[in-house]
J.: 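Please see the structure below; I have some questions.
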Amino acid sequence: MTRRERANLRNGLLFAAPFIVGFLAVYLYPLVMTMVYSLQRYNVIKPPVWVGLANYRELLVEDPRFWTALYNTVYFTVLSVPLGLALALGLAMLLSLKVRGQAVYRTIFFLPTIVPVVASAVLWMWVFNPQSGLLNGTLQEFFGIEGPGWMADEHWSKPALILMSFWTVGGAMVIFLAGLADVPQSLYEVADIDGAGPFRRFWNVTLPMVTPVILFNLVIGLINGFQYFTQVYVMTNGRGEPVGSTMFYALYLYRNSFYYLNMGYGSAMAWIMFLIILSATLAVMLSSKRWVHYHGE
Amino acid sequence: MASKRLKTFASHTVLIAASLLFIAPFAWMLSTSLKHESRIFAKPGEPPQWIPTTDRLDEQGRPLVTYRGKTAAKLQRMESGKTLLEVDAQRVEADEEEFESQQRLGLHWQNYVEAFQIINFPRSLKNSLFVCFSVVIGTLMSCSLVAYSFSRIEWPGRNFCFVLVLATMMIPYQVMLIPLFVLYKNLGWTGSFKPLIMPAFLGTPFYIFLLRQFFMGIPQDLSAAARIDGCSEFGIYARIVLPLSKPALATTALFTFLFEWGDFLNPLVFLQDDRQYTLALALQQFQSQHESLWGPLMAMSTVITLPIILLFFLTQKTFIQGITLTGLKG
């Protein structure tokens with residue numbers, strides 16, 4: 001090793017030291033410890049007791065609330081992510097028509113995404129208020145429909161949360177907008193020469209060209225969907241009511257860990273969550289070979 | 001030509017309609033935050049009221065009503081269920097349906113005062129700002145150093161380390177939360193700001209990634225020339241690379257601030273004493289204790305949201321660039 005190489009190694013390690021320490025202390029160690037705790041009964045106060053796979057068995061076999069939480073989370077993610085993406089793409093396509101005032105519209109659609117989640121959750125609780133909220137008031141005023149109880153009604157609470165999630169499609173929209181700008185104009189010209197109508201232009205040019213962006217947004221959406229927490233915590237005061245209809249996976253994990261101080265149980269939930277997210281992401285990535293079209297291929 | 005104009009018209013119609021839907025919750029928040037409690041809850045069948053109003057009063061402080069096309073003063077409710085009105089210096093008894101109360105614009109700023117008292121606004125604001133700025137400083141320092149190592153220094157193992165950065169981005173935070181809690185508790189850190197701030201000084205994978213991508217774009221010749229001139233590695237980092245990376249550093253600072261300002265899970269888990277509550281946590285606590293004080297609740301939500309919106313308008317370019325950059329290259 002030359003002096004230069006030795007100096008480089010030393011400097012490289014020194015500059016990277018924060019991450020090396022951080023990786024060991026706040027990523028690797030916790031990851032391993034979650035595994036260890038998941039095999040124990042542990043409430044922080046008393047020393048942990050080994051229980052083997054009991055936590056996992058209890059979760060999967062004896063705890064119906066676990067399955068409810070999983071069902072709620074999957075229900076929410078499977079509906080809110082694709083619908084939200086379609087909405088974001090639709091808005092981005094409208095904006096990419098180079099309409100006047102594009103920047104103003106873009107700002108309007110984007111603003112909700114930066115509102116602190118606690119504030120937007122409190123706000124939407126009020127929008128959903130069955131008697132005096134904006135939503136039911138507007139439904140009554142314009143359509144003469146008597147709106148449901150939304151967050152107060154077990155059948156409407158998840159649709160309400162999905163509806164609320166559409167308010168923040170602006171982030172995905174901005175990314176789509178950049179993706180659309182990258183579509184070569186020549187492709188549209190060729191399509192026009194071939195006599196393609198608007199629908200074919202969309203289906204054969206626009207859509208394939210933005211599939212990489214769809215993939216990216218889909219993966220992010222899946223990961224975030226599974227970790228959906230703050231909104232439900234704020235809106236149901238951490239209870240996941242009514243009738244457990246908004247008991248989401250991350251909320252149930254939090255309750256077990258920090259409310260009942262059942263750290264072992266919570267850790268087992270965390271590992272199962274990790275595996276689910278990992279396999280869902282992998283499945284999407286593997287499937288993407290069939291539907292994602294990369295430039296220049 | 002006509003079809004093009006029609007298309008423009010159609011897209012504007014849809015965009016305006018969509019814009020109204022997106023703005024409506026904001027407007028509703030602002031409107032409610034300025035309403036008196038008596039105006040917040042709608043009577044059955046009443047349409048949503050957008051403009052906060054209050055009763056018009058005459059010089060003697062009596063509410064004014066419109067009665068048979070004339071302005072009248074409301075005096076009192078009779079035992080018979082009728083209301084005593086004074087019209088043109090004469091007194092009449094009228095049924096509820098016969099008159100309508102007169103309204104004028106009335107902004108109830110008291111909601112803000114009430115909200116500020118309930119959550120101890122100066123204290124929560126101070127906590128939020130302290131945490132936000134500490135985390136921004138920590139993130140900028142640590143992530144730029146690490147990114148420098150991964151992009152500007154050739155050393156064996158750096159690619160492996162960089163793969164670790166990418167891998168850690170994929171781990172859901174909840175998976176690490178419990179051991180972190182135990183760790184911080186054993187260190188005696190829970191109930192202080194340390195669990196919120198200290199990890200920032202150990203680098204955040206996402207921003208390491210962002211900064212590395214940016215640093216890679218700076219010509220390596222600059223470093224080589226500086227080395228020949230006898231400049232130390234830290235000198236190159238501080239005097240050449242950092243000054244050239246202001247846009248990427250600004251994006252990092254902005255996004256970090258934004259995330260910390262709104263962060264809820266960490267304060268919820270790690271803070272114990274309400275004297276340390278950040279604004280986001282204080283608002284949630286407020287909401288859980290006073291569920292129907294919608295006026296003050298909306299006032300507080302407005303106050304938490306406003307700085308972020310101002311920040312957005314001040315830094316719009318950095319913002320949108322940052323989103324597309326991280327989004328597309330991620």
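Numbers restart at 1 for each chain; the letters A, B, ... are given by sequence-line order, proteins then strands. Heavy-atom basis, side chains included; hydrogens, waters and symmetry copies ignored.
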J.: Select one option (side chain, backbone, both, neither) describing which atoms of Leu281(B) are under 4.5 Å from chain A's heavy atoms.
T.: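 Leu281(B) has no heavy atom closer than 4.5 Å to chain A.
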
J.: Please look at Phe23(A) and chain B and tell me whether the side chain, the backbone, both or neither of the residue comes under 4.5 angstrom of a heavy atom of that chain.
T.: side chain

J.: For Ile108(A), is it the side chain, the backbone, both, or neither that has a heavy atom closer than 4.5 Å to a heavy atom of chain B?
T.: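 For Ile108(A), heavy atoms of backbone and side chain both lie under 4.5 Å from chain B.
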
J.: Between Val303(B) and chain A, with a heavy-atom cut-off of 4.5 Å, which part of the residue counts as in contact: side chain, backbone, both or neither?
T.: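 When you check distances to chain A, no heavy atom of Val303(B) falls under 4.5 Å.
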
J.: Check each atom of Thr8(B) against the heavy atoms of chain A and say whether the ones under 4.5 Å are side chain, backbone, both or neither.
T.: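 Nothing of Thr8(B), per the 4.5 Å heavy-atom cut-off to chain A.
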
J.: Taking all heavy atoms of Thr34(A) and all of Val175(B), pick out the closest pair and write down the distance.
T.: OG1-O, 2.6 Å

J.: Go through the atoms of Arg227(B) and report whether side chain, backbone, both or neither lie under 4.5 Å from a heavy atom of chain A.
T.: side chain

J.: Please look at Phe286(B) and chain A and tell me whether the side chain, the backbone, both or neither of the residue comes under 4.5 angstrom of a heavy atom of that chain.
T.: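 No part of Phe286(B) comes within 4.5 Å of chain A.
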
J.: Side chain, backbone, both or neither: which part of Ala147(B) has a heavy atom under 4.5 Å from chain A?
T.: neither

J.: Chain A heavy atoms under 4.5 Å from Gln174(B): which part of the residue, side chain, backbone, both or neither?
T.: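 Contact with chain A is through both the backbone and side chain of Gln174(B).
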
J.: Is chain A contacted by the side chain of Leu145(B), its backbone, both, or neither, given a heavy-atom distance below 4.5 Å?
T.: both

J.: Between Val234(A) and chain B, which part of the residue has a heavy atom less than 4.5 Å away: side chain, backbone, both or neither?
T.: both

J.: In terms of heavy-atom pairs under 4.5 Å with chain A, which of Met29(B), Met298(B), Gln316(B) leads?
T.: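 Highest number of pairs under 4.5 Å: Met298(B).
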
J.: Identify which part of Gln49(B) has an atom lying under 4.5 Å from any heavy atom of chain A, answering side chain, backbone, both or neither.
T.: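 No part of it gets close to chain A.
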
J.: Where on Phe259(B) is there a heavy atom nearer than 4.5 Å to chain A: the side chain, the backbone, both, or neither?
T.: neither

J.: Under 4.5 Å heavy-atom distance to chain A, tell me which part of Phe41(B) shows up: side chain, backbone, both or neither.
T.: both

J.: Using 30° and 60° as the class boundaries, would you call the ring planes of Trp126(A) and Trp28(B) parallel, tilted or perpendicular?
T.: parallel

J.: Measure distances from Arg106(A) to the heavy atoms of chain B and classify the residue's part below 4.5 Å as side chain, backbone, both or neither.
T.: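 Answer is side chain: those atoms of Arg106(A) sit under 4.5 Å from chain B.
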
J.: So which part of Val182(B) gets closer than 4.5 Å to some heavy atom of chain A, the side chain, the backbone, both or neither?
T.: side chain

J.: If you count heavy-atom pairs within less than 4.5 Å of chain A, which of Leu265(B), Leu258(B), Leu180(B), Ile309(B) leads?
T.: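 Max contact count across the listed options: Leu180(B).
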
J.: Please name the pair of heavy atoms, one in Thr138(A) and one in Pro48(B), separated by the smallest distance, quoted to 0.1 Å.
T.: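 Closest approach of Thr138(A) to Pro48(B), heavy atoms only: N-CG, 3.7 Å.
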
J.: If the plane angle is over 60° it's perpendicular, under 30° parallel, otherwise tilted; pick one for Trp167(A) and Phe26(B).
T.: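 Tilted: the ring planes of Trp167(A) and Phe26(B) meet at 30° to 60°.
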
J.: Checking Leu279(B) against chain A: side chain, backbone, both or neither under 4.5 Å from a heavy atom?
T.: neither

J.: Under 4.5 Å heavy-atom distance to chain B, tell me which part of Met263(A) shows up: side chain, backbone, both or neither.
T.: both

J.: Considering only heavy atoms, which portion of Tyr37(A) lies under 4.5 Å from any heavy atom of chain B: side chain, backbone, both, or neither?
T.: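 Only the side chain of Tyr37(A) comes within 4.5 Å of chain B.
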
J.: Answer whether the closest heavy-atom distance between the side chains of Leu21(B) and Phe166(A) falls below 4.5 Å.
T.: no

J.: Sort Met125(A) into side chain, backbone, both or neither according to what part of it lies under 4.5 angstrom from a heavy atom of chain B.
T.: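 When you check distances to chain B, atoms from both the backbone and side chain of Met125(A) fall under 4.5 Å.
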
